[in-house]
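In what follows, chains are A, B, ... by sequence order, proteins preceding strands, each numbered from 1.
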Protein chains: 2
Amino acid sequence: MRGNLFAVAVDLVVLTVRRDQLCVLLVKRGERPYESHWSLPGGFVQADEDLGDTAARELAAQTGAATQGAVQGHLEQLAGYAAPGRDPRGRVLSVGYLALLPDLPDPEGPASGSAAFLPVEDVYGLAFDHDRILADGVERARAKLEYTTLAAAFCPAEFTVSDLRRVYEAVWRTEIDPRNFQRKVTSTPGFLIPTATRVTGGRGRPPQLFRRGEATTLHPPMLREPTREPANGALAH
Amino acid sequence: MRGNLFAVAVDLVVLTVRRDQLCVLLVKRGERPYESHWSLPGGFVQADEDLGDTAARELAAQTGAATQGAVQGHLEQLAGYAAPGRDPRGRVLSVGYLALLPDLPDPEGPASGSAAFLPVEDVYGLAFDHDRILADGVERARAKLEYTTLAAAFCPAEFTVSDLRRVYEAVWRTEIDPRNFQRKVTSTPGFLIPTATRVTGGRGRPPQLFRRGEATTLHPPMLREPTREPANGALAH
DNA sequence: CAAATAGTGTCTATAAGACATTATCGT
DNA sequence: ACGATAATGTCTTATAGACACTATTTG
């Protein structure tokens with residue numbers, strides 16, 4: 001069996017929406033290389049582990065396992081990264097994973113004091129090629145909101161249509177008409193299941209609460225950019 | 001640096017459309033394990049190679065390098081596969097790559113006599129976990145035809161709208177209305193560039209020839225399944 | 001009542017689905 | 001002329017975008 005041997009790691013792009021901003025979980029490295037640089041959380045694949053196992057294990061370790069218990073959340077593979085010079089220690093192939101989580105009550109891990117959710121807009125200069133992995137993860141998330149119901153993975157078990165809309169707005173950095181949005185998501189069968197419980201305390205009319213339905217795809221999709229230029233046909237008179 | 005060491009391979013899902021069928025390039029293994037079984041072409045990542053380099057090198061080796069010269073064709077990464085037992089020889093991580101090629105005049109490689117393009121419908125029982133990698137590649141290709149201009153990667157340098165439509169029909173295994181299809185693809189800016197040359201010899205009106213334009217995305221996408229059930233809203237009166 | 005948020009309704013424009021018609025070739 | 005394939009046009013329907021209006025709460 002020819003070919004060189006690689007260490008194989010899994011790096012996580014853990015995204016959440018906090019204060020209407022798309023944020024990514026970063027850890028400050030405590031060892032070389034890139035000591036004291038921010039990086040994506042990750043770790044090496046152990047014996048008898050499949051890649052998804054490693055990703056789930058690391059995710060649970062970083063977010064306090066509460067994540068694992070909750071039905072919420074989403075975890076999927078992004079891609080493999082193996083450029084020859086990407087790790088100064090030697091040949092390391094890293095498999096990126098994308099995780100989407102609701103905003104956690106206590107986001108920081110219990111043990112490590114140097115982890116934080118930071119707005120993706122402000123993030124650059126990560127260790128290794130993690131800038132690239134992060135960019136791929138963010139783009140994957142943005143694309144998937146278009147044709148899947150994955151936005152709900154950013155929401156708690158019960159949420160309102162406005163909560164969901166603010167997720168889209170944060171991830172896409174756009175504004176969405178609340179009325180058209182409501183029509184779209186509530187008319188997609190299986191996207192949102194209304195719950196009996198009601199909200200109290202807020203200003204204004206109490207919103208309906210929903211939980212995730214069984215639907216996974218949005219058909220037809222909800223597109224980020226307008227279908228084409230306004231195609232005036234300008235009614236000049 | 002903890003973690004076990006892996007051999008890292010690249011396996012190719014090379015797709016083309018031949019005789020209105022979506023076909024995949026397979027090679028018959030000449031050595032153990034899975035000797036004389038069909039498998040995806042692939043090979044180990046060499047020193048100083050990035051994953052894409054390995055994929056391009058293997059693709060050129062399998063398809064006679066002519067592929068490489070041609071501007072046509074498409075190559076992208078699929079995913080990493082590393083289940084503990086997937087290779088009896090030991091721990092091997094394989095990175096799947098998807099290649100889309102026009103139907104080659106001489107598809108078989110020059111050296112190896114045991115390679116063939118077979119219709120994906122008929123393929124199962126491949127070596128290792130290649131059934132799974134193939135399924136992922138086919139699904140990726142099907143999905144990408146919806147929202148990209150990648151179907152043209154299956155066509156030669158110059159092609160007709162009917163050629164392109166037959167690609168969609170073969171990949172999706174559906175029938176598409178030729179008139180609506182023509183309207184869709186010709187009205188998408190940058191998808192198809194008309195050429196001066198004309199076709200002779202065929203029955204019927206000679207078609208316009210096109211080559212690929214710069215556009216990479218289809219906006220709005222062309223969807224495989226109808227937008228929803230006919231959604232009668234039956235006007236019973 | 002005013003302010004704030006939730007939710008519905010209406011109109012218009014865009015694009016897809018269905019399908020008729022015209023165009024241009026070979027025989 | 002006829003069959004075959006290519007290309008255009010028309011009508012209908014579904015859905016997105018824009019925006020007015022109604023509903024239900026707190027202060």
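Rounded to an integer number of Å, the gap from Gln208(B) CD to dT5(D) C1' is 15 Å. Going from atom CD of Gln182(A) over to atom P of dG9(C) covers 11 Å, rounded to whole Å. Rounded to whole Å, the distance from CG on Leu223(A) to P on dA16(D) is 8 Å. When rounded to the nearest whole Å, the span between CZ of Phe181(A) and P of dA6(C) equals 12 Å. Atoms CE (Met222(A)) and P (dT15(D)) sit 14 Å apart, rounded to a whole Å. Look at CZ on Arg183(A): it is 11 Å from C1' on dA14(D), rounded to the nearest Å. If you take CG of Asn180(A) and C1' of dG7(C), they are 13 Å apart, rounded to a whole angstrom.
Among dC11(D), dA23(D), dA16(D), the nucleotide with an atom closest to any side-chain atom of Arg205(A) is dA23(D).
With axes fitted over five pairs at each extremity, the angle between the ends of the helix from dC1(C)-dG27(D) to dT27(C)-dA1(D) is 10° (10° resolution).
Nearest-nucleotide assignment on DNA chain D puts the 5′-proximal partner with Gly204(B), out of Leu209(B) and Gly204(B).
The backbone N or O of Pro194(A) sits nowhere less than 3.5 Å from a side-chain atom of Gln208(A) that would complete a donor-acceptor pair. Side chain of Gln77(A) to main chain of Gly52(A): no donor-acceptor pair is present (N/O by atom type, distance under 3.5 Å, no hydrogens or angles). When atom types are taken as modelled, the side chain of Thr148(B) and the backbone of Leu150(B) share a donor-acceptor pair closer than 3.5 angstrom. No donor-acceptor pair under 3.5 Å is formed between the side chain of Arg140(B) and the backbone N or O of Leu98(B). Checking side-chain atoms of Thr149(B) against main-chain N and O of Phe191(B) turns up no donor-acceptor pair under 3.5 Å. No donor-acceptor pair closer than 3.5 Å links the side chain of Tyr124(B) to the backbone N or O of Asp131(B).
The shortest distance between the side-chain N/O atoms of Lys184(B) and the OP1/OP2 oxygens of dA16(C) is below 4.0 Å.
Of the residues Arg165(B), Arg173(B), Arg166(B), the one that meets the salt bridge (charged side-chain N to carboxylate O under 4.0 Å, His left out) test with Glu169(B) is Arg165(B).
The stretch residues 161-179 of chain B comes close to DNA chain C through Asp177(B), Arg179(B), each having a heavy atom under 4.0 Å from the strand.
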Chi angles and distances behind the salt bridge (Lys or Arg N to Asp or Glu O under 4.0 Å) call for Arg132(A), Asp136(A): CA-CA 6 Å; Arg132(A) 172 70 189 285; Asp136(A) 289 352; 3.4 Å; yes

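Residues Phe128(A) and Leu40(A) fail the side-chain proximity criterion, which asks for heavy atoms closer than 4.5 Å.
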